[in-house]
Asks: 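Submitted below is the structure of interest, expressed as structure tokens.
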Amino acid sequence: MNVENKPKIVNVGILGFGTVGQGTWKHLEENSQFWEKILGVQVKPKRASVRSIQKERKIKIAENALTTDSESIVNDPDIDLICELIGGIEEAKELTLRAFENGKSVVTANKALICEHGEELFEAAEKAGVHYGFEASVAGGIPIIKVLRESMVANEFPLIYGILNGTSNYILTRMESEGVSFEDVLKDARELGYVEADEALDLDGVDAAHKAVILAYLAHGIWVNLDDITVEGIRRISIEDLQAARKLGCKIKLIGVIRRNFKNDHISVGVYPALVPIAEIIARTDGVYNGISLTGSVVGTVVLTGRGAGQDPTAGSVISDVVDVVKAQNGISAGIKLRHVSPEECKPAKPVEIGGSFYIRLTVDDKPGQLAKVADCLAEHQVSLATVSQSPQSGSPTASIILTTHETNEHSINLAIQSLEQLHGVNEKPVLFRVFDPNLTPKE
Ligand code: HSE
């Protein structure tokens, strides 16, 4: 495909319509106008393959878009790009190679496949002149592949380590924080749909090892053999171990560790439970979250945390690869105006529309009625107090009053502060800080 033959529509075929396949379809469709805007071409999910057409699914699509024959999608001349989301190794590999032969680029979330056959598949894609994207194969929604390959390209990596399996992290977190037994949390994890069909992948460290092998390749250019590395799971960890680790200032986490000694050029890769000091962000990465700490020779340590599994995060990574393929095939550069919009579509919020709570420190005359005057002044501007504390300043006729407010807005607090500045008995310019709330819901 070249620039002259730029397609008006890029039709996407999805192999495997499970959690991630359905998520990819849903988000491709829901944001279709956005793809057209940033790419200048339409990106459309067209067909998907399933094991059973009749099965009840959350994402409903036309029955004639579904097939049980994955090969028919790979061979369909109307399909431009394939998302391989069936998992497993042999069938996925054959379909991927066939897609390459047919001149189609492939995007995958299949870590086992890349770990086992990455070298062969990368070569085949290169030979066929197509793209092979695998951002979703490691750490779900965390953009670790792009960070390693592009953003941190100036670095060598003496150490990469982190939590690469959300299910085992969920189990350990609940065992530690709630004292629930391994078996009981595992039951919950199964009910929540976290656990892979082959549970050993999550519980015995194999899934995390697949991901560690991929990261080791990206960071160091060498494919480490899974059979040659330490791979341990979480089955031997007891609540007693977790509590003992806490007393030692640590948490037990299942971590993948990739170390490179640049003095003797040795590399070691392993996945195992380890006591991680609580000061490390990775130790405080809990629940189904993944976290990866990259120590780069140029930048120092960068830590990425986020949802490592699940429909939407993983679909987000699949689509990021789809968009990259479409850009590459159509000669579209990344562009700093990627999300350029008209002022009608997106405009700066006015102060009255910017909500938040505030911290105020006042230096006031220490005399009767002063606090009441301050409270009245704030009330005049509809600013409501959440907490108040006052401390006398020894040897001084002034006191320090520290207030926090309930949620208000930038406009009201500015007016309130201006009034406080004029208030008799307030001696210095009030100190105002915002109380940051990551869960603040924007006003309509
Ligand atoms: N089973 C994996 C996990 C899913 O729990 O992290 C994402 O690869």
Side-chain angles (χ1 to χ4, degrees), residues 111-112 115 138-140 142 144 158-216 224 226-259 267-295 301 303-310:
K111 56 256 172 180
C115 174
V138 181
I142 303 177
I144 181 66
L159 175 64
I160 296 174
Y161 89 97
I163 297 166
L164 300 173
N165 182 268
T167 306
S168 53
N169 201 35
Y170 169 81
I171 293 173
L172 293 180
T173 301
R174 285 203 53 208
M175 282 172 71
E176 202 233 320
S177 60
E178 297 169 37
V180 191
S181 71
F182 174 80
E183 286 74 21
D184 285 347
V185 195
L186 176 57
K187 225 168 102 212
D188 288 351
R190 284 187 193 123
E191 275 163 23
L192 287 163
Y194 291 163
V195 191
E196 302 263 354
D198 176 0
E199 296 190 351
L201 291 173
D202 288 323
L203 305 180
D204 296 328
V206 182
D207 171 78
H210 288 147
K211 295 165 181 168
V213 167
I214 297 172
L215 294 183
V224 176
L226 214 53
D227 297 331
D228 298 338
I229 65 175
T230 300
V231 180
E232 292 169 8
I234 61 167
R235 295 187 205 254
R236 302 284 329 268
I237 303 168
S238 67
I239 293 172
E240 190 187 355
D241 296 323
L242 293 161
Q243 288 169 348
R246 278 315 284 268
K247 288 196 186 126
L248 295 167
C250 297
K251 282 209 210 175
I252 299 181
K253 293 289 185 188
L254 182 76
I255 51 172
V257 182
I258 302 153
R259 279 186 201 279
I267 179 171
S268 70
V269 180
V271 169
Y272 38 73
L275 278 76
V276 183
I278 200 79
E280 293 284 298
I281 293 170
I282 297 303
R284 290 175 276 125
T285 301
D286 287 329
V288 284
Y289 275 62
N290 283 192
I292 304 164
S293 171
L294 307 124
T295 299
T301 297
V303 184
L304 303 171
T305 67
R307 291 180 200 279

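When a residue number appears, it is its place in the shown sequence, counting from 1.
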Asks: Rounded at 0.5 Å granularity, tell me how far CD1 in I163 sits from OH in Y170.
Replies: 15.5 Å

Asks: For I258 and A216, work out which heavy atoms get closest and say how close.
Replies: CD1-N, 3.7 Å

Asks: Could you state the interatomic distance from CG (D202) to OH (Y194), rounded to the nearest 0.5 Å?
Replies: 12.0 Å

Asks: Evaluate the criterion side chain to side chain contact (heavy atoms under 4.5 Å, CB included) for residue pair L203 and I171; output intermediate values, then yes/no.
Replies: CA-CA 9 Å; L203 305 180; I171 293 173; 3.7 Å; yes

Asks: If every non-hydrogen atom of P273 is compared with every non-hydrogen atom of E232, which pair is closest and at what distance?
Replies: CD-OE1, 3.6 Å

Asks: Quick one: are L201 and T167 in side-chain contact, heavy atoms under 4.5 Å?
Replies: no

Asks: Under a 4.0 Å threshold between the charged nitrogen and the carboxylate oxygen, would K253 count as salt-bridged to D286?
Replies: yes

Asks: For the backbone of V269 and the side chain of R259, can you confirm whether one donor and one acceptor N or O come within less than 3.5 Å of each other?
Replies: no

Asks: Measure the shortest side-chain to side-chain distance between V213 and I229 over non-hydrogen atoms and say whether it is less than 4.5 angstrom.
Replies: yes

Asks: What are the two closest non-hydrogen atoms of N165 and N290, and how far apart are they?
Replies: C-ND2, 3.6 Å

Asks: Please check if atom CD in E240 has more than 12 non-hydrogen atoms from other residues, nucleotides or ligands closer than 6.0 Å.
Replies: no

Asks: Would you compute the distance between atom CD1 of I281 and atom OG1 of T305 and round it to the nearest 0.5 angstrom?
Replies: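 Reported to 0.5 Å precision, the distance equals 7.5 Å.
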
Asks: May I ask you to decide if G287's main-chain N or O and T173's side chain share a donor-acceptor pair within less than 3.5 Å?
Replies: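 Yes, T173 side chain to G287 backbone: donor-acceptor pair under 3.5 Å.
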
Asks: Grab the two heavy atoms, one from L226 and one from C115, that are nearest each other, plus how far apart they are.
Replies: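 Nearest heavy atoms, L226 then C115: CD1-SG, 4.2 Å.
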
Asks: How far does CG of L164 sit from CG of D207, to the nearest 0.5 angstrom?
Replies: 8.5 Å

Asks: Which pair of non-hydrogen atoms, one from L254 and one from A208, has the smallest distance, and what is that distance?
Replies: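 Reported closest heavy-atom pair: CD2-CB, 4.5 Å.
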
Asks: To the nearest 0.5 Å, how far apart are NZ in K251 and CG in N169?
Replies: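 It is 8.5 Å, given to the nearest 0.5 Å.
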
Asks: Say you draw a straight line from CD1 of I252 to CD1 of I239; how long is it, rounded to the nearest 0.5 Å?
Replies: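 One finds 11.5 Å between CD1 of I252 and CD1 of I239.
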
Asks: Start with the C-alpha distance between V231 and D204, add both sets of side-chain angles, then the distance that settles side chain to side chain contact (heavy atoms under 4.5 Å, CB included), and finish with yes or no.
Replies: CA-CA 7 Å; V231 180; D204 296 328; over 6 Å; no

Asks: Taking all atoms of both residues into account, what is the closest heavy-atom pair of A283 and P277, and its distance?
Replies: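 Of all heavy-atom pairs spanning A283 and P277, the closest is CB-O, 3.3 Å.
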
Asks: Could you check whether any side-chain heavy atom of L294 comes within less than 4.5 Å of a side-chain heavy atom of I144, counting everything from C-beta outward?
Replies: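 Side-chain contact under 4.5 Å: yes.
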
Asks: Could you go through the side chain to side chain contact (heavy atoms under 4.5 Å, CB included) check for T285 and V303 one step at a time?
Replies: CA-CA 11 Å; T285 301; V303 184; 5.9 Å; no

Asks: Just wondering, more than 12 heavy atoms not from R307 lying within 6.0 Å of its CZ?
Replies: no

